[in-house]
Amino acid sequence: MSIDSTSPIGIFDSGIGGLTVAKAVMDTLPNEDIIYFGDTARVPYGIKSKGTIQKYSAEITRFLVSKNVKMVIIACNSVSAVAKAIVTETAGELPVLNVIDTGTKAAIKTGKKQIGVIGTLATINSGAYKTELLKRDDSLVIKSKACPMLVPLAEEGWTENEVALKTLSIYLDRFRTNGMEALILGCTHYPLFKTSIKKVFADREIEIIDSADAVAKSARSRLKKLNLLNTGEKPGNLSCFVSDHPQRFRELAERFLGREIPDIYIKQLQE
Ligand code: DGL
């Protein structure tokens, strides 16, 4: 099968979080078909070792390539932090975008100097954001915090209740007192907590940065450059593949996207 402008865009995450990116891609590129893979059988990735995340990421990339995608978007910071190289290698000639590169660029654009980063253990321990940010501006002050409880809460749909608020206020406490001007949501599950995060920072100004819009814009310009933008009139279709529990994924995904997702399939990837 050969790739052309009508081929779908492949997007993947460990679970539901990458839908924050899929949503931004659908808003920016409404005519593109999307194949989304959420590894719901093996979520969370953020507490797993580098080797395991690399193995899972290569399996998913092979699956997306078999679906004839024209681009792969890594909608997972944990994968972007530790498995970007293996995804790029597995994707061969295909363009690969990741949320850490675009999130970093979006943070630099704000002009803020004191930047907080929250993410999974894998992302924060990798130091990927810090390295990328300091490469672009070594005068930045960066404080990071791993928030491992947030992904299970998001997968449960508990993003605005009192458990979410209490958990966030404990994790974010250090950013309330040390003059932080911007906070990078370094996990694609975290935008689901945006309303609650704003409540925690209700008494102070802090810019919240999520990479979803930035990665969607970057996808548009890359596809344009490669002459692969779908210029058809037909609205794009979202097909979701999950490795377990499609019903639960459907409920959360439809609530989050505010629309029905007719095409949700199970795909197990063990080799
Ligand atoms: N949403 C993912 C991220 O951006 C993964 C979270 C997880 O599976 O732990 O890091």
Side-chain angles (χ1 to χ4, degrees), residues 13 17-18 20-21 23-25 27-28 46 73-85 97-151 154 159 164-222:
D13 178 46
T20 57
V21 172
K23 187 170 192 279
V25 173
D27 290 344
T28 310
I73 301 182
I74 307 175
C76 174
N77 288 266
S78 309
V79 173
S80 307
V82 303
K84 179 167 86 174
L97 303 184
N98 77 83
V99 278
I100 293 190
D101 287 348
T102 47
T104 303
K105 281 183 207 149
I108 296 285
K109 251 196 190 157
T110 65
K112 307 285 186 201
K113 292 290 174 193
Q114 307 234 33
I115 300 179
V117 184
I118 53 173
T120 64
L121 282 164
T123 300
I124 299 304
N125 290 345
S126 76
Y129 268 105
K130 198 168 181 178
T131 311
E132 288 302 316
L133 286 164
L134 291 176
K135 233 192 255 169
R136 290 182 163 87
D137 181 352
D138 62 8
S139 70
L140 297 175
V141 178
I142 298 151
K143 294 256 167 19
S144 309
K145 173 90 185 141
C147 309
M149 290 291 290
L150 296 186
V151 169
T159 53
L165 274 170
K166 185 73 197 159
T167 310
L168 283 165
S169 62
I170 295 169
Y171 280 142
L172 299 178
D173 193 44
R174 62 183 318 214
F175 300 115
R176 295 173 44 79
T177 48
N178 61 11
M180 283 292 123
E181 299 167 295
L183 181 70
I184 298 180
L185 306 184
C187 172
T188 53
H189 281 71
Y190 296 178
L192 299 167
F193 295 97
K194 247 186 201 165
T195 308
S196 298
I197 293 174
K198 283 186 185 147
K199 278 190 190 156
V200 173
F201 288 112
D203 57 345
R204 45 166 307 183
E205 283 273 303
I206 190 157
E207 188 152 344
I208 296 173
I209 300 161
D210 96 63
S211 47
D213 284 333
V215 88
K217 286 191 186 112
S218 166
R220 183 174 55 196
S221 61
R222 194 72 177 274

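Because the structure is predicted, anything quoted here is derived from the model rather than measured.
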Minimum heavy-atom separation for [X] and [Y], please, with both atom names.
X	Y	result
Leu134	Leu140	CD2-O, 3.8 Å
Ser78	Gly46	OG-CA, 3.8 Å
Ala75	Thr188	O-OG1, 2.7 Å
Phe201	Leu172	CE1-CD1, 3.7 Å
Ser139	Asp137	OG-OD1, 2.7 Å
Gly179	Arg204	C-NH2, 4.1 Å

Is there a side-chain contact between [X] and [Y] (heavy atoms, below 4.5 Å)?
X	Y	value
Val151	Cys187	yes
Glu181	Thr110	no
Lys198	Ile208	yes
Phe193	Leu168	yes
Ile206	Met180	yes
Lys105	Glu132	no

If you round to the nearest 0.5 Å, how far is [atom2] of [Y] from [atom1] of [X]?
X	Y	atom1	atom2	answer
Asn77	Asn98	CG	CG	8.5 Å
Ile73	Asp13	CD1	CG	12.5 Å
Thr123	Tyr129	OG1	OH	7.5 Å
Leu165	Ile197	CG	CD1	10.5 Å
Cys147	Ile170	SG	CD1	11.0 Å
Ile115	Glu207	CD1	CD	9.5 Å

Using a distance-only test with no angle check, is there a side-chain donor-acceptor pair under 3.5 angstrom linking Ser218 and Thr102?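 The answer is no; no qualifying pair exists.
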Given Leu185, Val99, Asp210, Leu192, the one that forms side chain to side chain contact (heavy atoms under 4.5 Å, CB included) with Thr20: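 Between Thr20 and the candidates, side chain to side chain contact (heavy atoms under 4.5 Å, CB included) is satisfied uniquely by Leu192.
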Counting only heavy atoms not in Lys166 (residues, nucleotides, ligands), do more than 12 fall under 6.0 Å from its NZ?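 Atom NZ in Lys166 is not crowded, with 12 or fewer foreign heavy atoms closer than 6.0 Å.
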Hey, is the main chain of [Y] close enough, under 3.5 Å, to the side chain of [X] for a donor-acceptor pair?
X	Y	result
Arg220	Val25	no
Arg176	Ser169	no
Tyr171	Met149	yes
Ser211	Ala214	no

